Amino acid sequence: MNKENLNQRIKRLRKLNGYTQKELAKYVGVSHGSISQWESEITSPKGAQIQPLAKALKVDVMELLQGTGFASNIEAGPEITGTVPLISWVQAGAWKEIEEVNFVSESVSRYRTTAKVGPNAFAVRVVGDSMTSTSGGRSIPAGSVVIADPDIEPQSGRVVIARLDDSNEATVKELVIDAGRSYLRPFNQTFPTIAINGNCSIIGVVKQVIQDF
């Protein structure tokens with residue numbers, strides 16, 4: 001097997017950290033074109049760029065230059081599949097309308113995800129305790145970030161982002177379909193189950209829950 005060179009290592013580590021070329025360039029303090037040329041093996045980073053590059057890629061200098069060192073003994077984590085915009089619950093409630101006007105803003109924060117989601121996926125941060133289980137089992141505590149995909153068909157038992165017609169904000173609940181009737185059920189049993197019948201829009205199906213400790 002051919003030994004990995006510096007340029008190939010930069011590309012691998014960038015993807016492992018979930019950076020775009022533009023993001024890595026910003027962290028290192030070089031142009032986007034420089035990163036592209038390094039990964040294409042047209043040029044290589046200069047001496048003064050090695051230290052900030054290693055720092056951005058979360059390895060020591062020896063690991064970056066030679067592929068050896070402490071970091072090489074660490075098993076790679078889940079692959080970052082992309083980033084999604086982190087939006088508010090009001091924006092989530094109007095997400096389908098926002099999609100139609102191609103809502104993309106440089107000021108919107110983006111959240112890295114390992115979930116396999118489509119191009120219209122988004123993230124929201126959970127507020128409140130309605131999805132915090134009091135009896136064990138699945139739980140989505142306040143502060144968690146949920147990644148949702150509007151292009152997945154909602155099915156009974158899936159956690160969804162939904163908006164009731166009398167509200168401009170979305171909510172996260174479990175979708176339950178039983179004997180032809182549909183409900184939005186919280187994981188916290190002290191909150192009520194909501195019957196829905198043409199008065200609710202399913203915005204997206206939750207694919208991943210990310211919790212910070």
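Keep in mind it's a predicted model, so treat the numbers as computed, not measured.
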Check for a donor-acceptor pair, side chain of N17 on one end and backbone N or O of K15 on the other, with a separation under 3.5 Å. no
Would you find a donor on one side and an acceptor on the other, under 3.5 Å apart, between the side chain of E63 and the backbone of D60? no
Hydrophobic cluster membership, V206 vs I152, 4.5 Å side-chain cutoff: no
What pair of heavy atoms forms the shortest contact from Q208 to A115, and how long is it? OE1-N, 3.6 Å
Could you check whether any side-chain N or O of S201 sits under 3.5 Å from a backbone N or O of I203, counting only pairs where one atom can act as donor and the other as acceptor? no
Do V61 and V28 land in one hydrophobic cluster if side-chain heavy atoms of ILVMFWY residues count as linked below 4.5 Å? yes
If you measure only the distance, is there a donor-acceptor pair under 3.5 Å linking the side chains of E41 and N5? yes
Give, for atom CG of L184 and atom CG of L164, the distance between the pair rounded to the nearest 0.5 Å. 6.0 Å
Quick one: SG on C200 to NZ on K173, what's the gap to the nearest 0.5 Å? 10.5 Å
Say whether F122 and V127 are linked into one hydrophobic cluster, either directly or through other cluster members, by side-chain heavy-atom distances under 4.5 angstrom. yes
Under a 4.5 Å cut-off applied to non-hydrogen side-chain atoms, are V172 and V160 in contact? no
Cluster overlap V126 with V124, hydrophobic side-chain contacts below 4.5 Å: yes
Could you report the tightest heavy-atom contact between G18 and R112, atom names first, then the distance? O-NE, 3.1 Å
Are the side chains of F187 and I140 in touch, meaning some heavy atoms are under 4.5 Å apart? yes
Does a salt bridge link R14 with E23, judged by any charged N lying under 4.0 Å from a carboxylate O? no
Would a distance-only check, ignoring hydrogens and angles, find a side-chain to backbone donor-acceptor pair under 3.5 Å from S167 to E169? yes
Any donor-acceptor pair under 3.5 Å from N188 side chain to D129 backbone: yes
Compare every heavy atom of Q21 with every heavy atom of S36, then report the nearest pair and how far apart it is. CB-OE1, 3.7 Å
Using the side chain to side chain contact (heavy atoms under 4.5 Å, CB included) rule, take T43 and N7 through it: C-alpha gap first, then chi angles, then the decisive distance, then the call. CA-CA 8 Å; T43 62; N7 304 74; over 6 Å; no
Nearest heavy-atom neighbours spanning D165 and G198: OD2-O, 3.5 Å
Full working for side chain to side chain contact (heavy atoms under 4.5 Å, CB included) between R138 and E174: CA-CA 10 Å; R138 293 188 297 175; E174 180 186 14; 3.1 Å; yes
I'd like to know if the side chain of W38 reaches the main chain of L6, judged simply by a donor and an acceptor atom lying under 3.5 Å from each other, with no hydrogens or angles considered. no
When you measure from the side chain of S133 to the backbone N and O of S139, does any donor-acceptor pair fall under 3.5 Å? no
Just wondering, do S156 and L175 contact through their side chains at under 4.5 Å, heavy atoms? no
Sub-3.5 Å donor-acceptor pair from the side chain of R125 to the main-chain atoms of V145, do we have one? no
Is the shortest side-chain heavy-atom distance between I210 and Y111 below 4.5 Å? yes
Pair K22, T20: side-chain N/O donor-acceptor within cut-off below 3.5 Å: no
Evaluate whether atom CZ of R181 has more than 12 neighbouring non-hydrogen atoms of other residues, nucleotides or ligands under 6.0 angstrom away. no
Which value, rounded to the nearest 0.5 Å, describes the distance between I50 atom CD1 and K55 atom NZ? 15.5 Å
Are E4 and R12 within salt-bridge range, i.e. N to O under 4.0 Å? yes
Interatomic spacing from CG in L57 to CG in L16 - rounded to 0.5 Å: 9.0 Å
Hey, what do you get for NZ (K11) to CD1 (I35), rounding to the nearest 0.5 Å? 13.0 Å
Any side-chain donor near an acceptor of the partner, T134 and Q189, under 3.5 Å: no
Would you mind reporting whether P85 and W95 have side-chain heavy atoms less than 4.5 Å apart? yes
Heavy atoms only: give me the nearest Y27-A56 pair and the separation to one decimal. CB-CB, 3.9 Å
Check whether R110 reaches the backbone of T83 with its side chain - one donor and one acceptor, N or O, closer than 3.5 Å. yes
S130 and P186: which non-hydrogen atoms are nearest, and at how many Å? O-CB, 3.1 Å
Is it true that a side-chain atom of D149 and a backbone atom of A121 form a donor plus acceptor pair closer than 3.5 Å? no
Taking the side chain as every heavy atom from C-beta outward, state whether V146 and V159 have any atom pair closer than 4.5 Å. no
Are L53 and I42 grouped together when hydrophobic residues (ILVMFWY) are joined by side-chain heavy atoms under 4.5 angstrom apart? no
Is any side-chain heavy atom of N197 closer than 4.5 Å to a side-chain heavy atom of S182? no
Between the CD1 atom in I202 and the CZ atom in R163, the distance rounded to the nearest 0.5 Å is 10.5 Å
Could you check if a side-chain atom of Q49 sits within less than 4.5 angstrom of a side-chain atom of V30, using non-hydrogen atoms only? yes
